2 protein chains.
Amino acid sequence: MTGEDLDKRVKAILSAVVHNYIATAEPVGSRTLSKIDEIKLSPATIRNVMAYLSDLGYLEQPHKSAGRVPTDKAYRFYVDSLVVANALPGDIKRMIDNELGESSQGLESLLIQTTRLLAALTQFTGIVAAPRVEHSQLKMIEFIKMNARQIFVVLITRSNIVHNKVIDVSEDFSQEFLNSVTSHLNSQFSGQSLLEIRENLMENLAVEKARYDQLLAQVARLSKKAFELPEEDSLYVEGQSNIVKDFHDLDKVQRLLKALEEKIGIINILDQTVLASGVQIYIGMEIESEELQDCALITAQYGSENNFLGAIGVIGPTRMNYPRVIPIIDYTAKILSQALINN
Amino acid sequence: MTGEDLDKRVKAILSAVVHNYIATAEPVGSRTLSKIDEIKLSPATIRNVMAYLSDLGYLEQPHKSAGRVPTDKAYRFYVDSLVVANALPGDIKRMIDNELGESSQGLESLLIQTTRLLAALTQFTGIVAAPRVEHSQLKMIEFIKMNARQIFVVLITRSNIVHNKVIDVSEDFSQEFLNSVTSHLNSQFSGQSLLEIRENLMENLAVEKARYDQLLAQVARLSKKAFELPEEDSLYVEGQSNIVKDFHDLDKVQRLLKALEEKIGIINILDQTVLASGVQIYIGMEIESEELQDCALITAQYGSENNFLGAIGVIGPTRMNYPRVIPIIDYTAKILSQALINN
DNA sequence: TATTAGCACTCGGTAAGAGTGAGTGCTAAT
DNA sequence: ATTAGCACTCACTCTTACCGAGTGCTAATA
């Protein structure tokens, strides 16, 4: 990304600054580095290197007589040079296993639990994007008549994920009739993605209309309604209160909370994650959202190898402890995926 | 509650202090009152009255040389003396009608939308407790077989509210068999509350066990699982970011956010509301929760006359604008109730 | 030639002191 | 019963001074 190829010693100092800043949240001075580190250099030498790193845009000074603070670029370097992520401590592993292992809970409560778990383990804000409906493949659909005007639709995907909703109808269909419609839909569309089904149905609808067959046209309309997609994929957010710890500016806190409430911006970012594989890290300006500056987003997709369903992650300050958080996200995504497959 | 019967003039001054404090969030001094109000009295006289009110516990001074601030007791007096609530402005009325009027959305999204609406209109934090399952009456139950080990249960109540979940079973029941079970359950239990049904089933289970009839015992276990209640009723919360505006203390903000995350405490308070009728107001210490001090909670139940389902409300600072907020809660609850009945 | 010691300089943060003003309680006059 | 007058309180703001961590630059050193 940035063509710079830094000297080994320069890299060591940059890493040390980032490391120290993550630990203390205080600007790092040359004296501190000279003392603490195995980089046996005098403060003066370190100052030279730091000035160099400032020129390259890796470090910043809050004001002239203060130590250095890492920029987004520095965090990016730091994260990229973390070749080996920390191993996940056994007790945390066990916590994740316990929380998500016991199955027999519905999708929704499983995802909520995952979100809470992420927040609790990382002490940041946990986010989980629910599986996207439109690309999932139909396993079966079922209609249950509620009353003359409403039908309850249950839709089960290949991944055993259940979606359901109520649709309004103008005609009073009998349950027997509904059953015949569903068995037809099941045999015709089973295995196709909801998006494909929708397209097929649109064609059908046109054909039936042309035929002037009242009943069939009604069935077509009914089916179309049943496969209509929800306006908005849902996002679970937990642990907002952790934001207060990390940002001491009330204004900043409010804008972050607002951004989390609006959800849509974050869903868009997570949508990218679902396509990429493994743990993804977005730092500061790499997140295109205005409000999420000074934040880092660590995410991973979940689902099975060839069928990724959604993404999980945490949002925290750019100065979060990456080596600690990354393996948590990674492992949680894996266990969640398993829980969904076993489902 | 407090036996005090205040002089008319004293009441006027107390009201004026509360009113002014709600508007400005600044401690109110005697000079301010003497100027602004139609109470044509000198600051000195007002000071006497204020000293009296301080003695009775209606007013407090942040420090000796500051104006007065209302206590919870003062807000309680103020709210109780609001005989006539403000009429709700037409445009707000229309907003509520528009947002909740258009039906054909599921229960969940309707409740979420209500929560958001409350937050948007009041600029405080909106909360909505979902209908409590256990007291609702069964209209019909339906089993859909997902696979050999899992069954999807749909449960529709008299109020046309749909609950659903996945249950795990050890036996591989056929769909036909499941249908026969549901038709039996429907005919036997339709109209009973879920709590009653559970009790009946427990008896059944005992009887069947005694009979050593393998199949019937299995059916009994299956039915029992189907009617098992969710561990926790759900609470929707929106507009947390508004908290930051009203509480300038970071620590306070964090504790409030935490309390909202935990939900259970707030659900308990709302449970009381479902039993009482009309708009309920809880001020400061009247809420038994530690974290919700300095907060007021305005709530109302929703549902039909003889069958209340849940409660809606807002949480804000005790110095919220009660005359403005109360009618919003009141009207929103009414429209939500209608939307659910029309459903 | 790379490193370091030395030094002048910067500047946020804290502390102390003074002045301001909104507000109070009390007393005496109306 | 009400009010004018007055001494007093105390948070807030502003100024001043000082401290110290940290810097950049230059000259000495290995």
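From a predicted model like this one, the values you see are computed outputs, not experimental measurements. Numbers restart at 1 for each chain; the letters A, B, ... are given by sequence-line order, proteins then strands.
Place A:Gly29 and B:Arg9 on DNA chain D by their nearest nucleotides, and B:Arg9 ends up nearer the 5' end. Between B:Leu41 and A:Gly67, the residue whose closest nucleotide on DNA chain D is further toward the 5' end is B:Leu41.
B:Asp7 places its CG atom 9 Å from the P atom of D:dT2, with the value rounded to the nearest Å. Computed from coordinates, the A:Glu60 CD to D:dG22 P distance equals 18 Å when rounded to whole Å. Summarising the geometry, the separation between CG on B:Asp55 and P on C:dT24 is reported as 14 Å, rounded to the nearest angstrom. Rounded to whole Å, atom P of C:dA5 lies 12 Å from atom CD1 of A:Ile46. Rounded to an integer number of Å, the gap from CG of B:Leu59 to C1' of C:dG23 is 14 Å. Atom CD1 in B:Ile39 sits about 16 Å away from atom C1' in D:dT3, given to the nearest Å. We find that CD of B:Glu26 is positioned 14 Å from C1' of C:dG21, with the value rounded to whole Å. Between B:Gln61 atom CD and D:dC8 atom P the separation is 18 Å, expressed in whole Å.
Note that CD1 of A:Ile329 is 5.0 Å distant from CG of A:Leu118, once rounded to the nearest 0.5 Å. One distance of note links OG1 of A:Thr318 with CG of A:Leu297; it measures 12.5 Å at 0.5 Å rounding.
Side-chain proximity of A:Met50 to D:dT3, D:dT23, C:dT4: nearest is D:dT23. Closest to the side chain of B:Arg31, from the set D:dT2, C:dG23, D:dT23, is C:dG23.
With sequence neighbours excluded, the residues satisfying side-chain hydrogen bond (donor to acceptor under 3.5 Å, both in side chains) with B:Gln123 are B:Lys245. Among residues two or more places apart in sequence or in another chain, the side-chain hydrogen bond (donor to acceptor under 3.5 Å, both in side chains) test is passed with B:Glu261 by A:Ser241. Scored by the side-chain hydrogen bond (donor to acceptor under 3.5 Å, both in side chains) test, B:Gln254 finds no partners at all (sequence neighbours excluded). Every residue meeting the side chain to side chain contact (heavy atoms under 4.5 Å, CB included) condition with A:Glu26, not counting sequence neighbours, appears here in chain and number order: A:Thr24. For B:Ala12, there are no side chain to side chain contact (heavy atoms under 4.5 Å, CB included) partners at least two apart in sequence or on another chain. Scored by the side-chain hydrogen bond (donor to acceptor under 3.5 Å, both in side chains) test, A:Thr125 finds no partners at all (sequence neighbours excluded). Checked against side chain to side chain contact (heavy atoms under 4.5 Å, CB included), A:His248 has the following partners two or more places apart in sequence or in another chain: B:Leu250.
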Atom pairs, N/O to N/O, protein against nucleotides 10-14 of chain D, distance under 3.5 Å?
unit_1, atom_1, unit_2, atom_2, d
D:dC10, O4', B:Ser65, OG, 3.0
D:dC10, O2, B:Ser65, OG, 3.3

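Residue A:Ser30 places at least one side-chain N or O closer than 4.0 Å to OP1 or OP2 of D:dT23. The phosphate of D:dT23 (OP1 or OP2) has a side-chain N or O of A:Arg68 nearer than 4.0 angstrom. For the pair A:Thr45 and C:dT3, the criterion of a side-chain N or O lying under 4.0 Å from OP1 or OP2 is not met.
Within the structure, salt bridge (Lys or Arg N to Asp or Glu O under 4.0 Å) pairs that include any residue of residues 45-61 of chain A do not occur (at least two apart or interchain). For residues 321-333 of chain B, the set of pairs meeting the salt bridge (Lys or Arg N to Asp or Glu O under 4.0 Å) definition, not counting sequence neighbours, comprises B:Asp330-B:Lys334.
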For A:Ile315 and A:Ile266, what are the C-alpha separation, side-chain angles and deciding distance, and is it a side chain to side chain contact (heavy atoms under 4.5 Å, CB included)?
CA-CA 10 Å; A:Ile315 294 183; A:Ile266 294 165; 4.0 Å; yes

Dot-bracket for DNA chain C, please. Rules: Watson-Crick or G-U, both distances under 3.5 Å, ( ) within the strand, [ ] when a pair crosses earlier ones, | for another strand, . otherwise.
||||||||||||||||||||||||||||||

Sugar-phosphate or base contact per nucleotide [nucleotides 25-30 of chain D; S, B, -; heavy atom under 4.0 Å]
------

